[in-house]
Amino acid sequence: MRIVLENCSLYTGEKKDLYIDNGVFVEAFDKASADKTYDLTGKTVFPGLVDMHCHLREPGFEYRETILTGTMSAAKGGITSVCPMPNTKPVCDNAAVVNSILRKAEEAGYCRVYPIGACSKGLEGKELAEMGLMKEAGIVAVSDDGKPIKNAELLRKVLEYSSDFNIPVLDHCEVQCIAEGAMNESVTSSCIGIKGIPTAAEDIMISRDIIMSEYLNIPIHLCHVSTKGGVRMIREAKARGVKVTAETCPHYFTLTDESCENYDTNFKMNPPLRSPEDLAAVIEGLKDGTLDCIVTDHAPHHQDEKELEFSLANNGIVGFETSFALTYTYLVKPGHITLEKLVDLMCKNPSNILSLGRGGMEIGDDADIAVFDLENEFVFDKNKMLTKGKNTPYDGYKLYGETYLTIMGGNVTYEKLC
């Protein structure tokens, strides 16, 4: 298919027309021969976004989300590459499950899907999973996802074994024995009578992971960082050359634990929403490069799993369709970061950490792009989401950066029709 994108304003400020043929960017051709032509006046063109931490739920939890609905939702958010976590049923801890995920993703055709395999069999923290065979099948990293790598001995084995296959390790940082609450431990949790989770639960595990990475001189990636202590330790570790990278999510720089006061379970997640001081530290960490990536941790749940009393409800929110708009509205518009920095955080850095080769917009590069309307405010409506899960705290928010067009490999995967 031949596509012409006219009157493009790239995120770098450059203005030009873009030409796509057979899935890649090409030199100019006769516009009359194009199958589709888009006039992008007033819109801004970005490379397709890369979400290196999400949950597509399939196999096993299709009532929450499927690979089809999840990738459709991602495309609506301007995302062209997603990396689903292994907490499926069966767990993605072997090549057969990896192959199944990739086959269904290809059938869906809305996103490039790069599975993340489990560190341990069944996510049980006992035996190493079949990393080599999973890499041959197509995984790009390993993680025990919502569970931290169980102990320091296992962490060492995972780092050493994975390094033999050049597979990055992503770790959920939480000391579970002191993280048995339902929200951040704070004045708010005490006032509303909800058992809290101390920031120390995250900070202790971050320090363990940094120490082991430094000792072995093997990289480690820290998931969804939410605390000022964690940001500080990562900054200090990077300054002395530790091979640590880290991510955070939009909810950690847009919301605080005060949002839980009304017991709305759409504000319940893990790690929990933290204090205003933690939020400010996360923003500073994104500004100065301490935090490398913004991910969604997209976690769709059925309505019945969220409409419970706060302490019993499942953790997590959906994020594919809000991540760019929240980042642009809360970080770029106030001047915390530039558009170029946004692209680093939401595309180039994740791609580099996982060696995906995404983010290029030069001649010969795969034509993965996202087009956003940065000028006009819109009201986010959860009822218009394409994901099965409607568990979002952002319903009714006034945002900037609505998706206008998404193209993955030269195929239009989302187009705003009105």
Side-chain angles (χ1 to χ4, degrees), residues 50-56 82-88 91-92 114-120 123 125 129 139-150 154-155 158-159 162 167-176 179 184 197 199-213 218-235 237-238 242-253 269-274 278 281-282 285-286 290-299 315-320 323 345-346 349-354 356:
V50 176
D51 186 1
M52 68 177 287
H53 185 150
C54 67
H55 303 266
L56 297 181
V82 296
C83 304
M85 284 290 181
N87 63 333
T88 49
V91 170
C92 185
Y114 299 96
I116 295 173
C119 294
S120 64
L123 303 175
I139 66 165
V140 294
V142 291
S143 176
D144 271 354
D145 185 37
K147 299 179 180 180
I149 295 174
K150 194 167 185 178
L154 182 65
L155 175 62
V158 168
L159 287 170
S162 65
I167 304 173
V169 176
L170 285 54
D171 197 26
H172 172 101
C173 294
E174 178 183 54
V175 179
Q176 292 181 305
N184 185 49
I197 300 172
T199 55
E202 184 171 334
D203 294 348
I204 291 169
M205 198 63 82
I206 286 176
S207 67
R208 181 203 72 169
D209 287 6
I210 288 172
I211 290 168
M212 189 63 75
S213 172
I218 295 174
I220 194 165
H221 180 82
L222 307 180
C223 295
H224 40 52
V225 174
S226 69
T227 69
K228 62 180 180 181
V231 173
R232 174 181 54 78
M233 286 187 285
I234 295 164
R235 181 181 293 116
K238 285 189 169 187
V242 182
K243 297 177 179 178
V244 58
T245 55
E247 66 188 38
T248 194
C249 309
H251 35 279
Y252 299 122
F253 58 76
M269 53 206 70
N270 188 28
L273 299 176
R274 303 291 189 182
D278 293 306
V282 166
L286 290 167
T290 299
L291 301 177
D292 303 270
C293 311
I294 294 173
V295 303
T296 66
D297 198 8
H298 177 82
N315 290 310
I317 63 172
V318 292
F320 284 150
S323 60
L345 291 165
M346 302 189 75
N349 291 349
S351 176
N352 290 339
I353 290 168
L354 300 179
L356 305 183

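Contact of the Pro86 side chain with the Leu123 side chain is registered, since non-hydrogen atoms from C-beta on lie closer than 4.5 Å. A heavy-atom distance below 4.5 Å is not found between the side chains of Val175 and Pro148. Side-chain contact between Ile149 and Val169 is present, with heavy atoms from C-beta onward closer than 4.5 Å. At a threshold of 4.5 Å between non-hydrogen side-chain atoms, the residues Pro271 and Glu174 do not count as touching. Considering only heavy atoms from C-beta on, Val244 comes within 4.5 Å of Leu222 through its side chain. Leu354 is not listed as a side-chain neighbour of Val50, based on a closest heavy-atom distance of 4.5 Å or more.
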### Intermediate values then yes/no, side chain to side chain contact (heavy atoms under 4.5 Å, CB included), Leu170 and Met52
CA-CA 10 Å; Leu170 285 54; Met52 68 177 287; 4.0 Å; yes

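With sequence neighbours excluded, no residue forms a side chain to side chain donor-acceptor pair (under 3.5 Å) with Tyr252. Among residues two or more places apart in sequence or in another chain, the salt bridge (Lys or Arg N to Asp or Glu O under 4.0 Å) test is passed with Asp144 by none. Partners of Asp171 under the salt bridge (Lys or Arg N to Asp or Glu O under 4.0 Å) rule, at least two apart in sequence or in another chain, are Arg208. Checked against salt bridge (Lys or Arg N to Asp or Glu O under 4.0 Å), Lys238 has the following partners two or more places apart in sequence or in another chain: Asp292. Take Glu247 and apply the salt bridge (Lys or Arg N to Asp or Glu O under 4.0 Å) test, not counting sequence neighbours, and it matches no residue. Every residue meeting the side chain to side chain donor-acceptor pair (under 3.5 Å) condition with Thr227, not counting sequence neighbours, appears here in chain and number order: Asp203.
Taking the six-membered ring for Trp and thresholds of 30 and 60 degrees, His224 and His53 have ring planes inclined between 30 and 60 degrees apart.
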